[in-house]
Amino acid sequence: MKIVSLMQREQIGGFHSIEVITLEDIIFCPHILTNENASTFQYTKGYSDAVEIMPVGETLAVGSSTTKTSSGRLFNITATFEVLYLDAPIDTIFNNFQHKKVVVKANKYDGTSIIYGSVRYPLTFYYDLTNSKKAESPSKFKAKITGKISQKPVIYKPI
C-alpha cells in the first residue's frame with residue numbers, strides 16, 4: 001500500500017512557456033514514457049529545431065481529454081498559443097515546424113513540466129499568420145499542436 005501525503009503549498013496555475021521539440025531533436029525518449037522515467041527524456045536545446053515560446057499575455061492553453069476505445073484509452077491533446085508580433089525568424093521557425101511530428105513540453109511556474117506526446121506517439125504542429133483588419137489590433141501567429149494518441153501526458157521534474 002502506498003500513502004500519498006499532500007503538503008500544503010501554493011500552486012500557481014497555468015504555464016509560463018512551451019517548448020516545441022521535433023522528433024529529430026530528441027536524444028533519448030523511453031519506449032513508453034511514464035512519470036517515473038520522464039526524467040530520462042533528453043533533447044537538444046537550441047535554435048535548430050527546438051524553440052521555447054514565451055506567450056504574450058495568457059494565450060497559451062494546453063490540455064488533454066480522454067476517450068475510452070476498444071483498444072484502451074485515447075488522449076486528445078491540444079495546445080494553442082499566439083505570438084502577437086510578426087517576425088521573420090519566428091515565421092521561418094514555424095514554417096519549418098509546419099505539419100511536423102513534435103513533442104510538447106509545457107513548463108509550469110513551480111519548475112515542473114508536463115510532456116505531451118512521445119517519439120512513439122507524436123503530436124502535429126500547425127500555424128497560421130493572421131492579419132488584423134483594425135490598426136489597434138495586432139497581426140499575429142496562431143499555433144496549434146494536436147494529436148489523438150495512446151500516450152498519456154507525463155509530469156517531468158528536473159533532477
Side-chain angles (χ1 to χ4, degrees), residues 2 4-7 9-69 71-84 89-128 140-159:
K2 292 189 178 189
V4 177
S5 175
L6 301 176
M7 297 184 301
R9 62 180 176 168
E10 184 177 357
Q11 186 174 15
I12 299 172
F15 299 102
H16 72 77
S17 64
I18 184 172
E19 294 176 66
V20 179
I21 307 158
T22 64
L23 298 187
E24 294 84 24
D25 282 334
I26 295 175
I27 297 168
F28 179 77
C29 181
H31 186 65
I32 298 185
L33 193 59
T34 65
N35 290 331
E36 290 74 27
N37 67 18
S39 63
T40 64
F41 178 78
Q42 297 177 1
Y43 59 98
T44 57
K45 290 186 180 183
Y47 172 75
S48 64
D49 275 330
V51 63
E52 186 173 358
I53 304 296
M54 302 296 286
V56 178
E58 294 181 356
T59 67
L60 177 57
V62 186
S64 67
S65 61
T66 308
T67 305
K68 187 176 177 182
T69 68
S71 59
R73 291 189 304 171
L74 195 61
F75 296 88
N76 303 308
I77 311 292
T78 302
T80 59
F81 62 91
E82 297 175 355
V83 177
L84 299 176
I90 292 174
D91 185 50
T92 300
I93 291 168
F94 285 0
N95 193 53
N96 290 337
F97 285 168
Q98 187 78 310
H99 302 289
K100 270 199 173 178
K101 299 299 181 187
V102 299
V103 172
V104 168
K105 185 171 160 248
N107 303 310
K108 298 180 75 54
Y109 289 97
D110 66 358
T112 61
S113 302
I114 300 178
I115 299 173
Y116 296 88
S118 66
V119 171
R120 188 171 180 191
Y121 301 106
L123 308 173
T124 306
F125 183 93
Y126 306 94
Y127 92 105
D128 289 308
K140 58 189 165 189
F141 295 108
K142 286 184 173 182
K144 184 175 186 178
I145 304 158
T146 62
K148 292 184 181 188
I149 59 175
S150 299
Q151 171 69 56
K152 76 174 222 48
V154 298
I155 299 170
Y156 171 85
K157 180 103 174 159
I159 298 174

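In this chain, numbering begins with 1 at the start of the sequence shown.
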key: Under the side chain to side chain contact (heavy atoms under 4.5 Å, CB included) test, residues paired with Ser65 that sit two or more places apart   = Asn76
task = Under the side chain to side chain donor-acceptor pair (under 3.5 Å) rule, collect the residues that match up with Ser113, sequence neighbours excluded.
result = Asn107
ask   = Does the side chain of Val83 come within less than 4.5 Å of Phe94's, by heavy atoms?
value = yes
message = According to salt bridge (Lys or Arg N to Asp or Glu O under 4.0 Å), who are the partners of Lys152, at least two apart in sequence or on a separate chain?
response = none
ask   = Are the side chains of Val102 and Leu23 in touch, meaning some heavy atoms are under 4.5 Å apart?
value = no
inquiry  = Tell me every residue that passes side chain to side chain donor-acceptor pair (under 3.5 Å) with Tyr121, counting only those two or more places apart in sequence or in another chain.
reply    = none
Gln151 CD to Arg73 CZ distance, which is reported to the nearest 0.5 Å = 10.5 Å
Heavy-atom check, side chain of Tyr126 versus side chain of Ile145, under 4.5 Å = no
ask   = Where do Lys148 and Phe75 land on the side chain to side chain contact (heavy atoms under 4.5 Å, CB included) test, with the steps shown first?
value = CA-CA 6 Å; Lys148 292 184 181 188; Phe75 296 88; over 6 Å; no
inquiry  = Taking Ile77's backbone N and O only, do any of them form a donor-acceptor pair with Ser64's side chain (distance below 3.5 Å, no angle check)?
reply    = no
Counterpart residues, side chain to side chain donor-acceptor pair (under 3.5 Å), relative to Lys101 (two or more places apart) = Thr124
request  = Evaluate ring pair (Phe, Tyr, Trp, His ring centres under 6.0 Å) for Phe81 paired with Phe141, printing each intermediate quantity in order.
outcome  = CA-CA 8 Å; Phe81 62 91; Phe141 295 108; 9.9 Å; no
key: Results of ring pair (Phe, Tyr, Trp, His ring centres under 6.0 Å) for Phe41 - residues two or more places apart only   = Tyr43
key: Distance in Å, Thr80 OG1 paired with Lys142 NZ, rounded so as to fall on 0.5 Å steps   = 9.5 Å
Check: residues 30-37 side-chain donor-acceptor pairs under 3.5 Å, at least two apart:
from: His31; atom 1: NE2; to: Arg120; atom 2: NH1; distance (Å): 2.9
from: Thr34; atom 1: OG1; to: Glu36; atom 2: N; distance (Å): 3.3
from: Thr34; atom 1: OG1; to: Asn37; atom 2: N; distance (Å): 3.2
from: Thr34; atom 1: OG1; to: Asn37; atom 2: OD1; distance (Å): 3.3
from: Asn35; atom 1: OD1; to: Ile155; atom 2: N; distance (Å): 2.7
from: Asn37; atom 1: OD1; to: Thr34; atom 2: N; distance (Å): 2.7
from: Asn37; atom 1: ND2; to: Ile32; atom 2: O; distance (Å): 3.0

query = Considering only heavy atoms from C-beta outward, does the side chain of Gln98 approach that of Tyr127 to under 4.5 Å?
reply = yes
Contact check, side chains of Val104 and Leu123, non-hydrogen atoms, under 4.5 Å = yes
query = Taking only residues two or more places apart in sequence, or in another chain, which ones meet Tyr109 in a side chain to side chain contact (heavy atoms under 4.5 Å, CB included)?
reply = Ile12, His16
key: Close side-chain approach of Tyr116 and Val62, heavy atoms under 4.5 Å   = yes
ask   = Any side-chain heavy-atom pair from Ile26 and Val103 closer than 4.5 angstrom?
value = yes
note = The side chain to side chain donor-acceptor pair (under 3.5 Å) partners of Thr78 (sequence neighbours excluded) come to none
ask   = Hey, are the side chains of Leu74 and Ile149 touching, using non-hydrogen atoms and a 4.5 Å cut-off?
value = no
query = Does the pair Tyr156 and Ile114 meet the rule for a side chain to side chain contact (heavy atoms under 4.5 Å, CB included), with working shown?
reply = CA-CA 6 Å; Tyr156 171 85; Ile114 300 178; over 6 Å; no
